[in-house]
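Reviewing the structure listed below.
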There are 2 protein chains.
Amino acid sequence: MKFDDKIPIYYQIKNYIYGQIITGKLAPGEKIPAVRQLAVDLTVNVNTVQRALGELISEGILESRRGLGNFVTEDQATIEEVKHKLIMQQLHEMYENLHDLNVTDDEIVAYLRQYIKDRRTTKDGQYN
Amino acid sequence: MKFDDKIPIYYQIKNYIYGQIITGKLAPGEKIPAVRQLAVDLTVNVNTVQRALGELISEGILESRRGLGNFVTEDQATIEEVKHKLIMQQLHEMYENLHDLNVTDDEIVAYLRQYIKDRRTTKDGQYN
DNA sequence: TATAGTGTAATAGTAAAATATAACACTAGG
DNA sequence: CCTAGTGTTATATTTTACTATTACACTATA
């Protein structure tokens with residue numbers, strides 16, 4: 001997995017797991033891969049994985065069963081809450097940053113529509 | 001100035017200067033504050049300021065005149081380019097992250113409109 | 001020419017994330 | 001009871017951003 005060196009790896013792993021759960025690639029109640037396996041898959045250290053999982057466990061989206069593994073919460077409502085929270089965080093960050101550049105509400109919406117439209121006709125990768 | 005501890009300080013300073021220039025708080029051709037003064041204002045080290053300014057100078061949005069100071073480029077086109085690039089980067093990041101959560105194009109637009117609407121009737125700060 | 005104000009850069013030290021490695025604790029199943 | 005698979009934790013080390021400090025280079029001007 002490729003990481004953005006401007007953001008802590010454990011934090012990027014946390015967001016990766018969020019994504020897996022929210023998109024259903026990891027289902028409610030499902031056992032997630034073992035920490036040592038995740039460390040191999042993501043080519044990071046076990047402790048780094050553990051730091052990410054620890055926060056997810058604290059938030060209740062994962063449950064730890066010692067000796068058995070880590071499991072996605074059964075509570076679909078918790079997952080929905082987290083999804084909504086993440087969506088709002090994304091919008092908030094983008095919105096605040098553009099407002100700091102004096103871009104108005106209407107301009108933000110217009111730019112977004114244009115971006116989406118352009119995206120369908122242009123090859124990707126120009127803003128990575 | 002308050003910094004996000006998940007992002008390098010020099011990088012946040014760079015974005016801060018971008019904002020000052022794009023919004024015209026620092027005008028084309030204008031001398032920006034001395035590096036030592038910026039360090040005091042932002043409560044960071046001179047070297048950290050210098051690292052941010054160094055990148056802005058490399059990009060041509062700032063010009064360094066040894067013994068005199070650092071100046072915003074006179075070239076309005078360069079500034080416009082940078083503004084557009086920053087806007088697209090913001091949209092791109094938000095868009096990619098939401099798509100990774102299986103949020104569709106239409107849903108992104110709808111969520112944004114809702115976010116903007118809610119923002120006008122709700123007290124701020126809930127997504128910081 | 002001396003000085004104050006400016007950018008530039010090097011050195012050494014600090015702090016936090018990440019790593020490598022090892023050990024410990026618990027569970028299920030043979 | 002032993003073992004394999006799992007989570008948990010600790011120690012030492014490495015890496016890098018950041019800091020503190022100092023020095024150097026250039027410019028305008030008194």
Side-chain angles (χ1 to χ4, degrees), chain A residues 1-18 20-21 26-74 78, chain B residues 1-18 20-21 26-74 78:
Chain A
M1 181 170 175
K2 67 282 172 260
F3 294 106
D4 181 342
D5 65 5
K6 299 265 191 321
I7 305 171
I9 292 175
Y10 85 90
Y11 195 77
Q12 296 180 63
I13 292 174
K14 194 178 164 187
N15 282 323
Y16 168 74
I17 306 279
Y18 272 140
Q20 296 285 302
I21 294 173
L26 290 173
E30 183 178 351
K31 178 180 177 300
I32 77 172
V35 290
R36 289 172 184 79
Q37 187 58 48
L38 277 174
V40 171
D41 294 347
L42 303 172
T43 60
V44 298
N45 188 271
V46 176
N47 291 316
T48 306
V49 172
Q50 193 65 19
R51 178 161 180 185
L53 297 187
E55 295 198 0
L56 294 167
I57 292 164
S58 297
E59 293 171 17
I61 194 162
L62 286 186
E63 291 171 14
S64 167
R65 300 185 207 153
R66 197 186 184 96
L68 293 179
N70 292 305
F71 298 79
V72 178
T73 179
E74 298 272 6
T78 297
Chain B
M1 181 170 176
K2 66 282 172 261
F3 294 105
D4 181 341
D5 64 6
K6 299 265 190 323
I7 305 171
I9 292 175
Y10 84 91
Y11 195 76
Q12 297 181 63
I13 293 174
K14 193 179 163 185
N15 282 323
Y16 168 74
I17 306 279
Y18 272 139
Q20 296 284 303
I21 294 173
L26 291 173
E30 183 177 351
K31 177 179 178 301
I32 75 172
V35 289
R36 289 173 184 78
Q37 187 58 48
L38 278 175
V40 171
D41 294 347
L42 304 172
T43 58
V44 297
N45 189 271
V46 176
N47 291 315
T48 306
V49 172
Q50 193 66 22
R51 179 163 180 187
L53 298 187
E55 294 197 1
L56 294 167
I57 291 165
S58 297
E59 293 171 18
I61 194 162
L62 286 185
E63 290 172 14
S64 165
R65 299 184 207 154
R66 198 185 184 95
L68 293 179
N70 292 306
F71 297 80
V72 179
T73 179
E74 297 272 6
T78 297

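So you know, we letter chains A, B, ... as the sequences are listed, proteins then strands, and number each from 1. When reading the values below, keep in mind they use all heavy atoms of this one structure, side chains included, and skip hydrogens, waters and symmetry mates.
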What pairs of residues pass the side-chain hydrogen bond (donor to acceptor under 3.5 Å, both in side chains) test when at least one of them lies in residues 40-49 of chain A, not counting sequence neighbours?
A:Q37-A:D41, A:N45-A:N47

Where along residues 1-10 of chain A does a heavy atom come under 4.0 Å from DNA chain C, residue by residue in number order?
A:P8, A:I9, A:Y10

Mind checking side chain to side chain donor-acceptor pair (under 3.5 Å) for B:Y10 and listing every partner two or more places apart, or none if nothing turns up?
none

Locate the shortest heavy-atom distance separating B:K31 from B:L68; write the atom from each residue and the value.
CE-O, 3.2 Å

If you walk 5' to 3' along DNA chain C, what is the first nucleotide with an atom under 4.0 Å of a heavy atom in chain B, and what is the last?
C:dG5 to C:dA10

Which pair of heavy atoms, one from B:V44 and one from B:V49, lies closest together, and at what distance?
CG2-CG2, 3.7 Å

For A:Y11 and A:I7, the nearest pair of non-hydrogen atoms, with its separation, is CD2-CG2, 3.8 Å

A:L53 vs A:I32 side-chain heavy atoms within contact, under 4.5 Å
yes

Taking all non-hydrogen atoms of both residues, which atom of B:I13 and which atom of B:A52 are closest, and how far apart?
CG2-CB, 3.7 Å

With B:E55 via side chain to side chain donor-acceptor pair (under 3.5 Å) - residues at least two apart:
B:K14

So B:T73 and B:I21, do their side chains get closer than 4.5 Å, heavy atoms only?
no

Nucleotides 4-14 of chain D: protein proximity per nucleotide (B base, S sugar-phosphate only, - neither; heavy atom, under 4.0 Å)
-BBBBBB----

Heavy-atom closest pair, residues B:Q12 and B:F3:
OE1-CA, 3.5 Å

